[in-house]
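Presented below is the structure to which this report refers.
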Amino acid sequence: MAQTKSDPNYKVIAENRRARFDYAIEDDLECGIFLEGSEVKSLRANGGNIAESYAAVEDGELWLVNSYIAPYGQAKTFRHEERRRRKLLVSRKELADLWTATQRKGMTLVPIVMYFNHRGLAKLKIGIAKGKKNHDKRETQAKRDWSRQKQRLLKDNR
């Protein structure tokens with residue numbers, strides 16, 4: 001997802017960098033998040049984490065489970081729960097596709113990045129992923145190490 005320099009509203013809130021290491025992400029989907037006011041204020045102040053969270057289709061709805069949004073200090077009476085389940089907003093067709101992927105194909109729904117889009121709305125990009133085995137993770141790590149080593153060699157030769 002490319003960020004334009006002239007777009008003042010686009011802002012990455014939280015990123016799950018471990019997801020690309022632990023899972024082979026086959027497809028991704030952008031969805032909205034149903035948030036309370038104090039949660040939005042907290043996210044604007046960089047108070048979110050999606051590293052240990054996952055998405056699940058339950059009772060015909062898509063939910064974000066175990067995500068963390070820090071409490072907003074100025075909210076005295078209308079505080080939110082930090083690790084509550086949050087509803088994700090997708091179309092019915094997308095929801096049916098996600099349910100099919102998780103139930104029949106053995107995939108899982110992993111949050112990749114949470115951000116404010118160009119209109120200032122909180123969005124979540126979830127990936128339809130399959131878990132990697134240990135040898136796949138070692139292969140990914142080896143490729144990453146090789147590319148870092150190659151960059152160092154090119155930098156030293158300049």
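Source: prediction; values computed, not measured.
The side chain to side chain donor-acceptor pair (under 3.5 Å) test applied to Asp27 returns no partner, not counting sequence neighbours. With sequence neighbours left out, Ala70 forms a side-chain contact (heavy atoms from CB on, under 4.5 Å) with Ser42, Tyr68. For Lys130, there are no side chain to side chain donor-acceptor pair (under 3.5 Å) partners two or more places apart in sequence or in a different chain.
The two residues Tyr54 and Pro111 make their nearest non-hydrogen contact at CA-CD, 3.7 Å. Between Ser53 and Val65, the closest heavy-atom pair is CB-O, 3.1 Å. Taking both residues in full, the closest heavy atoms of Ile50 and Ala14 are given as CD1-O, 3.9 Å, listed atom of the first, atom of the second, then distance. Closest approach of Ser67 and Arg86 over heavy atoms only: OG-NH1, 3.0 Å.
Two residues are said to be in side-chain contact when any heavy atoms from C-beta on lie closer than 4.5 Å; Tyr115 and Lys11 fail this criterion. Using a 4.5 Å cut-off on side-chain heavy atoms (C-beta onward), Ile112 and Ile126 make no contact. Annotation: side chain of Ile25 is not in contact with side chain of Val110 (no heavy-atom distance under 4.5 Å). Residues Leu109 and Leu29 fail the side-chain proximity criterion, which asks for heavy atoms closer than 4.5 Å. A heavy-atom distance below 4.5 Å is not found between the side chains of Glu15 and Arg20. Counting heavy atoms from C-beta on, the side chains of Asp97 and Ile128 never come closer than 4.5 Å.
Annotation: Lys41, atom NZ; neighbour count of heavy atoms from other residues, nucleotides and ligands within 6.0 Å does not exceed 12. Residue Arg85 qualifies as enclosed at atom CZ: its count of foreign heavy atoms under 6.0 Å is above 12. The local environment of CZ in Phe21 is crowded, with over 12 non-hydrogen atoms from other residues, nucleotides or ligands closer than 6.0 Å.
Both Leu98 and Ile33 sit in one connected hydrophobic cluster of ILVMFWY residues. Membership requires side-chain heavy atoms under 4.5 Å apart, directly or through other members. Taking hydrophobic clusters as Ile, Leu, Val, Met, Phe, Trp and Tyr residues chained together by side-chain heavy-atom distances below 4.5 Å, Trp63 does not share a cluster with Val57. Linking Ile, Leu, Val, Met, Phe, Trp and Tyr residues whenever their side-chain heavy atoms come within less than 4.5 Å places Ile13 and Leu88 in a single cluster. Linking ILVMFWY residues whenever their side-chain heavy atoms come closer than 4.5 Å, directly or via other members, places Met107 and Leu64 in the same cluster.
Within the model, atoms CZ of Arg18 and CD of Glu52 stand 11.5 Å from one another, a figure rounded to the nearest 0.5 Å. To the nearest 0.5 angstrom, Asn66 atom CG is 4.5 Å from Arg83 atom CZ. Atoms CG and CG, from Leu89 and Leu95 in turn, are 11.0 Å apart once rounded to the nearest 0.5 Å.
Using a 4.0 Å cut-off between charged nitrogen and carboxylate oxygen, Arg84 and Glu39 count as a salt-bridge pair.
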Report task. I would like to know whether Met114 and Leu43 meet side-chain contact (heavy atoms from CB on, under 4.5 Å); could you show each step before the answer? Result -> CA-CA 10 Å; Met114 184 186 292; Leu43 289 177; 4.0 Å; yes
